[in-house]
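The structure appears below as C-alpha cells.
All values derive from a computational prediction rather than experimental measurement. To find a chain, count down the sequence lines: A is the first, B the second, and so on, and within it residues start at 1.
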Amino acid sequence: MKRLLIYLTAIMLGLSSCEGYLDKLPLNTPSDQTFLATETEMQMALAGCYSALWLNHESMTFFLALDEASDIGYDRNTNALQSLGQGSADATNGIALSYWTGFYSGIAKCNYLLQNMNRGEANVDPATFAQIKAEARFLRALFYSYLIELYGDVPLITQVQSLADSNQPRTSKSQVADFIIKELTEAAAVLPATNNPTSGRASKGAALAIKARTALYNERWTDAISASSEVMAMEGSLYKLEDNYATLFRNEGQNSKEVIFSVQYLVGTNVHALYRLFGSRNALAHTNKKPAYQLADSWECTDGLPIDKSPLFNPKDPYKNRDPRLGYTLAVPGSVFLGYQFETHGDSLKCWNYLTNTRVNNLEATHAYATFTGLCWRKYANVEDRLAINDCEMNTILIRYAEVLLTYAEAKIKAGQIDASVLEAINKVRNRPSVKMPPVTTTDPTQLFYAVCKERKYELSGEGLRLFDIRRWKIAEVVMNQPLLGRMKKSYPDRAPRIDAYGNAFYENIPVANQGESADFKMRVVDKRTFNPARDYVWPIPYIERQTNPSLTQNPNYE
Amino acid sequence: MKNHWTNALYCNQKCLVEKLLSPQSIKRILIRMRIILVLLLLCTGSIFGTSEGQNLATVSLSIQNGTIQNALQQIEKQSGYSFVYNVNELDVNKSVNINLSNKSLASVLEVLFTDQFIGYKIAGKHIALYLLDENEINQQSRKRITGVVKDDNGDPIIGTNVVEKGTTNGTITDLDGNFTLQVQAKSTLVFSYIGFQDKEIVVGDNTTYQVQLTEDTKALEEIVVVGYGTQKKANLTGSVASVSTEEMGKRQVGQTSLALQGLVPGVSITQRSGQPGADGGTISIRGKTTLGNNDALILVDGVEMGINNIDASLIESVSVLKDAASSAIYGSRAANGVILITTKRAEADKFSVSYSGYAGFQSAIDLPDMVGALDHMKMTNQAYTNIGKSPLYSDAYLQEYAENMSINPDRYPDTDWINETLTNNGLIQNHFVTLSGGSKRIRTSANIGYLDQNGIIENSNFKRYTFRMNTDMDISKQFSARIDAHVAMTKRTAPSRGDAFHWMSRIPAIQAGRLSTGQWGEGWNGDNPIAFTNDGGLQKVNSPSAVLNFSLDYKPTDWLTIHGNYSPNYYETHNTSFSKMVQTYKYDGTPYYRAPQKSSLTDETNRSLRNLLTASVTFDKTYGNHGLKVMLGYQQDDFRNDGHSGYRENFAFPDYPVLSAGGEDNQKAYGWASEWALQSLFGRINYDYKERYLFEANMRYDGSSKFADGQKWGIFPSFSAGWRISEEAFWEPLKNVVDNFKIRGSWGQLGNQNIGDNYPFSSDVDLNLKYVFNKSVTSGAGITSLANSLITWETTTVTDLGLDLTLLGKLNFTADYFYKVTDDILLKLNVPLTIGMSAPQQNAGKVENRGWDLGINYANSIGDFNYKLAFNLSDVKNKILDLKGINETGLTVSREGEEMFSLFGLEAEGYIVPEDYDANGKYLYATQYGNFGPGDIKYKDQLTIDTDGDGIADKADGVINTSDRVIIGGTIPRYTFGLSMYGDYKGVDLSLLFQGVGKANGYLYGQGIQTFVEGGSVQEQHKDNWREDNRNAKFPRLAFNETNNMQNSSFWMKNAAYVRLKNIQLGYTVPQKLANKAFISHLRFYISADNLLTLDNFWNGFDVEAPVGNGGYYPQMKTISFGLDVRF
C-alpha cells in the first residue's frame, strides 16, 4: 500500500508539474505579435480598414441614411434615425452611438496599420508600402470628416489606444479639419492618379475630392478651391460627368467616370437593401425610407424658374416641364417605377405591370403602408434587384465629380472670386445631356450662392449630403421646424407652394390636413418635427462614452 | 428509497442460509466454511448439542477435500473421544472442507453437521451421533415460523434481519421477502433493515407472519452527498440542502432543471421560455455573484453535465452546496454554488423491472389578445388623429371593409394571427424503463428514457433519448470499481425562423394569413408566421453525447480509501438550419413578397471532448472521542471543441435540405477550434469531538489556462465549524422535545474563471474583416478586441451562519444567513469607444449579496393518513459596490450602489392632462419627447443641476432627457418561496406544490405592451386608453410613431410577484393483493397538472416570468398529464 501511495503521489506530482497542460493558445487565428510582417498581411489589414465603410443603418450605407434625418427624407420606422429627424433625440440615441462607434473602429484599424506596418517594411516594395500607408491615411481622414460634421469637436486619435491612455478630450472641429486636410494632401501626393471606381481603392482624385469637401464644409475656401481645381484638372482623362444622369444610380453606372469613390458591395460578401427600403409596394419593396413631398416641389421648371414663378408649372400636372433630375431622383406619380406604373392617387385601384404587361391591383393606392408621402426614392432602387430585395450589390457613391464642381463654385463664391469658371462649373452640371437645364447667368454673389445651394439640392438629393448642407447654411432651423408632408391623397393643390431662395417649399397658402382631418384633399402631415437651434445642429456625444471617458464634454442641451 | 447497496453482505448471507437449509448442498457449503463461521453468530443451524457437552475439549481441524469420516477421525485423535453412529443415518463419505483452530468440540460439530438433522450425545469418552426425529426437532426448536417482510408500498424487503430477541438466532429474508426461522415459543422477533424503523413481533399461535416495516425517514436523511464523498447530515458544518427523488419526481417536466423549482431554500429557478427543448429554468443559488455567467456547477456522479441532459427519473438524490465551506472543494467553478446529482444504482441479488411514464398536453399560460381588423383600423385612425396627423383609413373604407369581411376575406382579412399560428397540439410524453439486478460482486442498472414534447407552433418538437448503465464491481475485498455510461441524444426541431412569436403579436388583423385558395397571404411584407412555421424550413439541432465514468476504489484498510476516476465526455451538436423560401400572394392570387428571398442551408457540426481525471486519498478514523477524516485530491480537466459549417443557397429541390443540393455559387465553409484546461489540488480535513464539536477545513489550489503565466493559479480556502448543542449533557432534559439542535458557521473563498472567452489574455488577429475590391472578395484582417494579460481569478468570499433544529422528531427546521462578496469580477466593462476595439475582460467589479434562507418540514400520520409539509423561503439582496465608475444606461443596467441588472428609466408620474397647459397652450412642465400632448405619460424632471455648489443637485433643468433616468426597480427575484403539501390515505395520494416570488419587477416594452410599434397592431386591453372622458385609463393615448410613451419608464414596469400552483397531483396506488395477481409489485396511476393557477399583477397576456423584453418569446406552458408507475 505504501508503494501505491508513492506511485499515486508521483503520478499527481508528475501531472501537476506537467508543463504546458495549462498553456492553451488560440487555435483559430495568429496572435498580433507577428502581424503585419508581409505585404499580404498589410493588404489584409488595409482591407480591414476599408471594411469600416460598411457602417450602415438598417442596411443602407451610412451616408445615405443621413438624408432621412434631414428635411428631404423620413424614416418610417420608429427608430433612432427617426428621432434625430424629429428633433427628439437625446444622448442615448442609438444612431449617434453606432456611427460614433463605427467611425472610431475604422480609425483604430487605420491607426494600428499605420503604427505597426514598419514591422514588415523590409519585406515590401517601397512604392507599395507607401501606397498602403496613403490609403490608410485617406480612410482615417475620411472617417474623421464625417465625425466632425456630425458631432462637432471630437477626440483626435492617431495612435493605437490602450486602456490607460484612452481618456482623450475633444479636439476642436477646426483642428481636426486641419488634420484631415493635411493628411489628404499628403495622401494625394502618393496615391495613384487613376480612376477605376469599382476597384474600391482610394485614388489621388478621391483624396483631393474629400479634401475639397472638408475644406468647403469648414470654410477653408483656398484649400477647397485648390483641391477641387486639382480634380478638375483631371477632367477628361480621368473624370467626366456622366451623360445620362440616371445611369449613375444603376448597375451600369458603377464604373462611370463621374464616380470618384464608392462603397463596394458584392452578393455573398456584403450587400445593402436599398431596393427594399426605397422601392414601391407593387414592386415587392417596403418604402421604408421616403422622400418628403416638399422635396418634389423644389426642382425648377425647365425654364429655370421655381414652380411658384414659372408659367410652365401646372398644378394639376405638377411633374411636367420640370428639371429632369426630379424624375431621376424621385419616383413621382404617373411615372414608371420598377416595372409598374407608379400612381399614388387614392382612387387608382389598378395599374399597369410592365414586367408582365398586365393590369394589376394597385397597392400604392390601397396598401396601408404604401409610401406616406406619395413619392419614392428612385436613386439606387433598381429593377434588377426585384428578386433579391435585400441583396443589392450596386456600389453606393460616396463622392462624385459633380459635387466637386459645385464645391469649387461655392468656395469661389465664398472666397469672393466670382469668375467665369464659377458659372462654368455650375452650368456644366446643369447642362449634361440628360439634364439640359438653362444656364445660370447671374454674377451677383448672393444670387449665385443661392444658385449653388439650389443646384446641390437638385443634383445631390438622396446621396447623403443634405444634412451637412442645411447645417452649414444654417437653414435647418427653418426647414426642419415644420411638419414633413405627403401628397393630397386624391388631388393636387390648386397652386404652387412658396419656394424660397434655397429652393425649399413652404405651404402657407395650401391646405394642410389638421389634426384628424382627412388627407384626401389636403396635404398629409406625415411627421411632426421640431428643431432646436441651440441643440440640434450637432448630434449628441454618446452617453456611455461620457461615462467611460470623463474628459469628454457633451454638446449643449443634450443632457 | 431503500439503501440496498449497503446490504449486499446480508443478502449474500441469506443465500447461504437458504442453501444451508437444504441437506443436499452440504458440499458447496463446506467450501465456504469461512463465511459460515460468521453466519453462525446469527444462525444456529440444525445441530442441537444436548446436555452435558458444554465443557468439551478444544480441537483444530484442517481438512481440504476430505470427508466427514476424515473429520471424525481427526477429532477422535485430538480429543480422545470416539464416535458412535449408525452408518444408515450418517453419510460419512460426504465431502468436507474445514479449517478451524482451537474451537470447542461442540462448535466443531455444529459446523460439521450444519444443516443435517444430526444430534449428539456424550457418554464418557463416547459421542453418539444420531438422526433427530421430527418430534425431537419440534420439541427442541419448539416452533418453525415463516413469514414475509414488506415495505409501506407492499414491496418485499430482501435482506431484512430477523432475530429472535435476546439470542443470536436469526435469519435474513430472501428475494421475495420470505423467511423461515425456528424459535422458542412466545419469543419476540426483531426485524431490522437499514433505512427502516425496527419492528418487534411477539410469536403467538400463528406460524405465518406478514410484517410491514416503515421507512425511517430521519435515518435516511442522515447521509448527504457532499463534494467528493458523503457526510452524515448531523455532522455537516456547511450549508447543504438535499432533495430526494420522491420530491422531484412529482413534476412532469421535460427539463430536469424545472423539477427543482420551489423545492430548495436559496435556490431560485426562473423559466423564461416554453419552447420545447429550450424550456429549462435558469438556476441561481443565493443570488447573482458575477455580471457574467451565474450558472451553478452541476455534477452528475462527480462529472459536470448539463442538468437538462439527464432524465429526472434517473436521479437518486440531489444535494445543493450553498456556502463556500461546502462548495470550496470544487473551487474553480463553484462560486455560483454546486448541485450534486446522484443517479440510481442497482442492488445485489435482486432483479427488477420498472416503468414510469406520463403523457399530457401543454398550452400557453397566457397569450395577448389582439384586436380584430375593424378595431385595428379605428384605433389606428385614433392614433393618427391624436398626434395631429390625418387618419389613415377613411370612413368609407371602414364601411366597405365591414361589409366585405365575411364575403371576401382575402381582400378584407380579419386574421387572428395568434390562433392561426398556434396550431400544434403541445403533446408531451415520457417513458422510462429501468432494468436492474446483479450478484454480490457485480451489479448493473440499465435505464432507458424517452421524452417526446411537441410545441404549440407547428414543427416544434423536442425528443430526448437517454441511456444510462451504472455498473458496480467488487473486484476483491480491497478493490471496487464503478463503470457508468451515459449516452443521450437530444433532438430539437423548430421552424428555421425563430421569430414566430414576435410576428404573431405584431401583424395587424387586416393583413392576410392564408388565402381561401390555400396560398399564403402577405403577412407583414412577406413575414407570415403561419406560413413560415408550416412551410419555412426546419432547424434541427441534434446533440448526441456520451459520458463515461470509470472509477476505482482501493481500500487497503477500513480507514483508508484511495479513489481514482477518469471520465471522458464527448459531446456533439449538429445544427442544420434550412431556411426555405416562402412565396406569399396578394389577395388576387398573384405572387407577392417572398421571405426569405431565397432558400439557404447552414449545416454546422461541433464536436467537443472533455477529459476529467480525479484522484483522491481519504483517511477516516476515530480515536476514542476524536473523529478525523482527511482527504487529499488532484484533478485535471481539459476541453477541446472543433467545429465546421457549410452554407449554400438557392435550393432547386427544397425537399432535399443537404448542402450538395444547393447552388454552388456563393457557397461558404467555415471551421474553428478552441480549448481550455484546469488543474487543481485540493484537500479537506474533518474533525469532530464526540460528534459534538465539528470542524472542517478545505483548500483548493486551482490553475486555469484562461489566464496568462503568472496569473494562472489561485488558492481558495474555507473553514467551517459546528456545535451540536443537543449532544451536550446539559441538553438532556430538553432532548425529548428538541432532538437535534446544531449551530454552524463557515467562511470561505471560491474562484471563478468562467468567461466565454478562452484566451482573454491574448490579442488576436480577427480574420473576418473582408472587403470587396474589383467586385471580388478580398480577405481582411485586423485587431478588433483589446486583450488583457493581467486578467486573473474572480474571487467570491462567503460567510454563512446557520442552525438546524429538530423538534419531536417530526419538525425539521434549517435557517441560514449569508454574506457573499465577489471581488475582481470578470467583466467586459465599457471602455471608451474611441479606442475602436471591443472591451477586454477585466477584473473590475465588486458585488455583494446578503440574504438568508429558511426551510421547514414536518411529517406525521394520523391513523392511515400520512402527511408531509415542507416550506422554504429565501431572500437575497444584491448590490454593486464597485464598477470603476462606469454606469450603464440601457434598460437593464448595472450601476454602482445598485442591484445588478436593475431597470433604468424615467419615472412616470401619471398622464399629461389639459390642465398642464396655460391659456396660450404652453406646457407648464418640463419639455418631453417629440410631439407630446395630453394623455401621454408624464415624466418626472429629476433634480440634475447643482445651483449652490454643494455637490448635490437641487434643481431640475426643465427638459426630460437622459439625465432624468433613474433606477426604477430591480429584476432579481426577492423572497422566493415554495410550499409543498402531501398526503396519502389508503392508496390515494394528493400533493400540491406552491411556488412563488414575493418581490420582483417585470418589464415589457415595444410591441409586447406598447401600441402600434413600428406599424404593428394593438391588443384588446389597449382600448382602455387615455381620452378626455377616460382619464384613469390603463394605457396612455394612442399615438402613432411617437416616441414619448415608448421611453423606458416606470410606467411599463409591473410588479412581478406571484404565487403559483406549480403542481398538483392526485395518485392512486393499486392495493398489493390486486397488483400481485398480475405479478406486479407496485402500481400507481396519477393525474398531474403543472402551472395550473397563477396569482399575479403582471401585464395581461403574458406570464409573470416573461423576460424583460418585447414579449415576442415562446411563452411558458401549463401542462396536464396522466402517468403510471409500475414495478415488477
- Report the residues that fulfil side chain to side chain contact (heavy atoms under 4.5 Å, CB included) with B/S704, sequence neighbours left out, ordered by chain and then residue number. B/L678, B/K706, B/F707, B/Q753, B/W793
- Message: Under a 4.0 Å threshold between the charged nitrogen and the carboxylate oxygen, would A/D23 count as salt-bridged to B/K712?
- Response: yes
- If you tally heavy-atom pairs under 4.5 Å against chain B, which of A/L387, A/D391, A/I157 wins? A/L387
- Message: So does B/T834 get a backbone contact from the side chain of A/Q168, meaning a donor-acceptor N/O pair under 3.5 Å?
- Response: no
- Given side chains that start at C-beta, do those of A/T78 and B/T1043 come closer than 4.5 Å, heavy atoms only? yes
- Query: Is B/P508 close to A/Y369 at the side-chain level, that is, under 4.5 Å between some pair of heavy atoms?
  - Reply: yes
- Item | Any donor-acceptor N or O pair under 3.5 Å, side chains B/N525, A/R281 | yes
- Return yes if some donor-acceptor pair links the side-chain N/O of A/K24 with the main-chain N/O of B/S674 below 3.5 Å, else return no. no
- Task: With a 4.5 Å cut-off on heavy-atom pairs, point out which of A/D165, A/V160, A/L363, A/N557 contacts chain B the most.
- Result: A/L363
- Note on the structure: If you tally heavy-atom pairs under 4.5 Å between each of A/K489, A/R529, A/Q254 and chain B, the highest tally belongs to A/Q254
- Query: Would you say the side chain of B/Y759 lies within less than 4.5 Å of the side chain of A/N28, judging by non-hydrogen atoms?
  - Reply: no
- Message: Any donor-acceptor pair under 3.5 Å linking the side-chain atoms of A/Y558 with those of B/N961?
- Response: no
- Message: Using side-chain heavy atoms (C-beta onward) and a distance below 4.5 Å, is A/V525 in contact with B/Y384?
- Response: no
- Residue B/P840 versus chain A: region with a heavy atom under 4.5 Å: side chain
- Which of the residues B/K770, B/M837, B/Q842 is involved in the greatest number of heavy-atom pairs with chain A at under 4.5 angstrom? B/K770
- Message: Using side-chain heavy atoms (C-beta onward) and a distance below 4.5 Å, is A/Y112 in contact with B/I783?
- Response: yes
- From CZ (B/F773) to CG (A/L46), nearest 0.5 Å: 5.5 Å
- Query: So how far is it from B/N774 CG to A/Q264 CD, rounded to the nearest 0.5 Å?
  - Reply: 8.0 Å
- Query: Looking only at atom types and distance, does a side-chain atom of B/T962 sit under 3.5 Å from a main-chain N or O of A/A91, one as donor and one as acceptor?
  - Reply: yes
- So which of B/T784, B/N386, B/T380, B/T590 has the largest heavy-atom pair count under 4.5 angstrom toward chain A? B/N386
- Query: Do you know which of B/D665, B/V777, B/L829 has the most heavy-atom pairs with chain A at a distance under 4.5 angstrom?
  - Reply: B/V777
- With chain B, the option among A/A388, A/S83, A/S518 that has the most non-hydrogen atom pairs under 4.5 Å is A/A388
- Contact class of A/A285 relative to chain B, heavy atoms under 4.5 angstrom: backbone
- Item | Beyond-backbone contact of B/L769 with A/K109, side-chain heavy atoms, under 4.5 angstrom | yes
- Message: Shorter than 4.5 Å, heavy atoms on both sides: which option in B/D638, B/V959, B/T778 has the most such pairs with chain A?
- Response: B/D638
- Are A/N361 and B/Y587 close enough that a side-chain donor and a side-chain acceptor fall under 3.5 Å? yes
- What residue, out of B/D964, B/I510, B/L392, B/N381, has the most heavy-atom pairs lying under 4.5 Å from chain A? B/L392
- Look up atom NZ in B/K598 and atom CG in A/N390, then write down how far apart they are to the nearest 0.5 Å. 10.0 Å
- Kindly say whether B/I835 contributes a backbone atom to a donor-acceptor pair with the side chain of A/Q161 at under 3.5 angstrom? no
- Message: Can you tell me which portion of A/N196 sits under 4.5 Å from chain B's heavy atoms? Options are side chain, backbone, both or neither.
- Response: side chain
- Note on the structure: CD (B/E675) and CG (A/L25) are apart, to the nearest 0.5 Å, by 8.5 Å
- B/S762, part contacting chain A, at a heavy-atom distance under 4.5 Å: side chain
- Note on the structure: Contacts of B/T927 meeting side chain to side chain contact (heavy atoms under 4.5 Å, CB included) (sequence neighbours excluded), chain-then-number -> B/F932
- Query: Which distance, rounded to the nearest 0.5 Å, do you find between the CG of A/L27 and the CG of B/D642?
  - Reply: 7.5 Å
- Task: Measure the NZ-CG distance between B/K884 and A/L163 for me, rounded to the nearest 0.5 Å.
- Result: 7.5 Å
- Message: Please classify the contact between B/F761 and chain A as side chain, backbone, both or neither, with a heavy-atom cut-off of under 4.5 Å.
- Response: side chain
- Salt bridge or not for A/D90 and B/R965, using N-O below 4.0 Å? yes
- Query: Heavy-atom distance under 4.5 Å between the side chains of A/W100 and B/L833, does that happen here?
  - Reply: yes
- Message: Looking at A/T366, is its backbone amide N or carbonyl O close enough to the side chain of B/Y397 to form a donor-acceptor pair, meaning the two atoms are under 3.5 Å apart?
- Response: no
- Query: Taking the inter-plane angle between the rings of B/Y593 and A/H286 on a 0 to 90° scale, is it parallel (under 30°), tilted (30 to 60°) or perpendicular (over 60°)?
  - Reply: perpendicular
